[in-house]
Student: 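There's a structure below that I have some questions on.
We count residues from 1, following the sequence as given. One-based numbering, in listed order, for ligands and for the atoms of each. Just so you know, these numbers use all the heavy atoms, side chains as well, and skip hydrogens, waters and symmetry mates.
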Amino acid sequence: MIRENDRYGRREILRAIGAASLLGGVARGDEPEKSVPEQIVDTMNKLFGKHPGFRSAHAKGIVCEGEFVPALSASTLSRAPHLQGKPVRATVRFSDSTGTPNIPDGIPDASPHGMAVRFHLPAGSTDIVVNAFNGFAVATPEDFLALLRAISETGPNAPKPTPIEKFLGSHPQALKVVTTPKPTPASFATEPYFGVNAFVFTNKDGKARYGRYQLRPEAAEKFLTADEAAKKPANFLIDELGDRLAKGPAKFRLIVQLAAEGDRVDDATAVWPDDRPTIELGILSLTKLVANNDAAQRALAFDPLHLVDGIEASDDPLLAARSAAYAISRRRRK
Ligand code: HEM
């Protein structure tokens with residue numbers, strides 16, 4: 001519930017960072033010896049509670065599978081094995097935001113949704129982990145921790161200005177992300193997803209370029225009004241995906257938006273303009289849900305830095321922190 005005299009609605013804030021449906025404040029413990037990613041996961045666990053077997057973030061999800069068919073243009077960008085012409089098998093997990101395993105799909109806190117893709121290669125695999133929002137609230141892991149802590153410290157009785165008001169007052173980009181609407185989609189397959197962190201793509205001639213992933217639905221983009229979303233059953237997005245795939249494949253176009261000279265490649269809050277050129281990497285075609293879905297979700301662990309030759313991390317500091325935090329969350333949910 002947003003209190004009338006709050007400068008920034010707490011739900012808005014939680015929604016915007018892809019984090020949250022908590023109703024109470026949480027005190028911070030002093031844990032100076034822990035790494036920033038570990039403190040982030042600790043704070044997520046305080047915000048959402050500990051749910052054995054579930055992810056600390058994006059806890060509710062559904063796993064499906066299909067095939068990725070690379071476009072001819074893909075190999076001009078990168079020499080990565082899945083971009084060289086031959087189709088590969090893919091596993092995809094769609095998810096609601098927050099670490100709350102039973103969050104209703106239609107409430108605002110469930111956005112932005114996530115999409116994690118694993119490409120199965122002749123030798124090994126590689127991942128893409130993206131969100132249905134273009135841009136991130138903060139540029140550094142330290143700021144992400146500060147944001148989560150500010151939320152956790154802003155209980156109903158927090159004195160004004162509250163910690164979250166102070167944080168957003170000094171981080172205009174976070175305020176902008178918080179206040180941008182994130183409507184509920186009609187389907188996980190009718191919204192676009194954005195990899196807000198840049199990677200370096202290198203082709204067989206050694207030409208290296210910075211780019212960011214986008215997964216664009218082949219189906220028309222379709223969103224619900226707030227009223228429509230509020231009336232939907234708790235699992236409507238999860239159920240809709242199974243129904244949709246039973247009728248035919250759900251397809252996404254994987255593209256990479258290229259950085260222009262002067263674009264920030266180490267700052268996920270700096271969204272590149274829409275007029276930047278893009279390169280088609282191929283079509284991801286999802287055909288069926290994976291059997292024993294709960295067990296499959298628990299067994300899977302995606303990592304934005306699970307890469308292959310031809311794709312490298314940029315200097316964006318979020319990437320290493322994400323990778324470390326996902327591993328910590330994985331260990332905790334085993
Ligand atoms: C410092 C920034 C971030 C941190 C610390 C963080 C942390 C986490 C953690 C701990 C998990 C649970 C991992 C698991 O148990 O397997 C997770 C899942 C996820 N995160 Fe992040 N995250 C960050 C930024 C992002 C960004 C920028 C995106 C997308 C653009 C994103 C998208 C996702 C998705 C889609 C999942 C679910 C993956 C799955 O289905 O297994 N996160 N995140």
Student: Write none if no such pair exists; otherwise list each N/O atom of ligand 1 with its protein N/O partner under 3.5 Å and the distance.
Tutor:
| residue | atom | partner | partner atom | Å |
| --- | --- | --- | --- | --- |
| ligand 1 | 15 (O) | S329 | OG | 2.5 |
| ligand 1 | 15 (O) | R333 | NE | 2.9 |
| ligand 1 | 16 (O) | R333 | NH2 | 2.8 |
| ligand 1 | 20 (N) | Y326 | OH | 2.7 |
| ligand 1 | 22 (N) | Y326 | OH | 3.3 |
| ligand 1 | 40 (O) | R93 | NH1 | 2.7 |
| ligand 1 | 41 (O) | R55 | NE | 2.6 |
| ligand 1 | 41 (O) | R55 | NH2 | 3.3 |
| ligand 1 | 42 (N) | R322 | NH2 | 3.4 |
| ligand 1 | 42 (N) | Y326 | OH | 2.8 |
| ligand 1 | 43 (N) | Y326 | OH | 3.2 |

Student: With respect to R79, which candidate in N203, D309, T202 satisfies the side-chain hydrogen bond (donor to acceptor under 3.5 Å, both in side chains) definition?
Tutor: D309
Student: Applying side-chain contact (heavy atoms from CB on, under 4.5 Å) to D315 and V265, what does each step give before you reach the verdict?
Tutor: CA-CA 7 Å; D315 287 337; V265 294; over 6 Å; no
Student: For the residue pair E240 and S187, confirm or rule out a side-chain donor-acceptor distance under 3.5 Å.
Tutor: yes
Student: Assess the side chains of T269 and D267: does a donor N or O sit below 3.5 Å from an acceptor N or O?
Tutor: yes
Student: Is it the case that the ring center of H113 lies less than 6.0 angstrom away from the ring center of F188?
Tutor: yes
Student: May I ask you to check whether F201 and Y213 place their ring centres under 6.0 Å from each other?
Tutor: yes
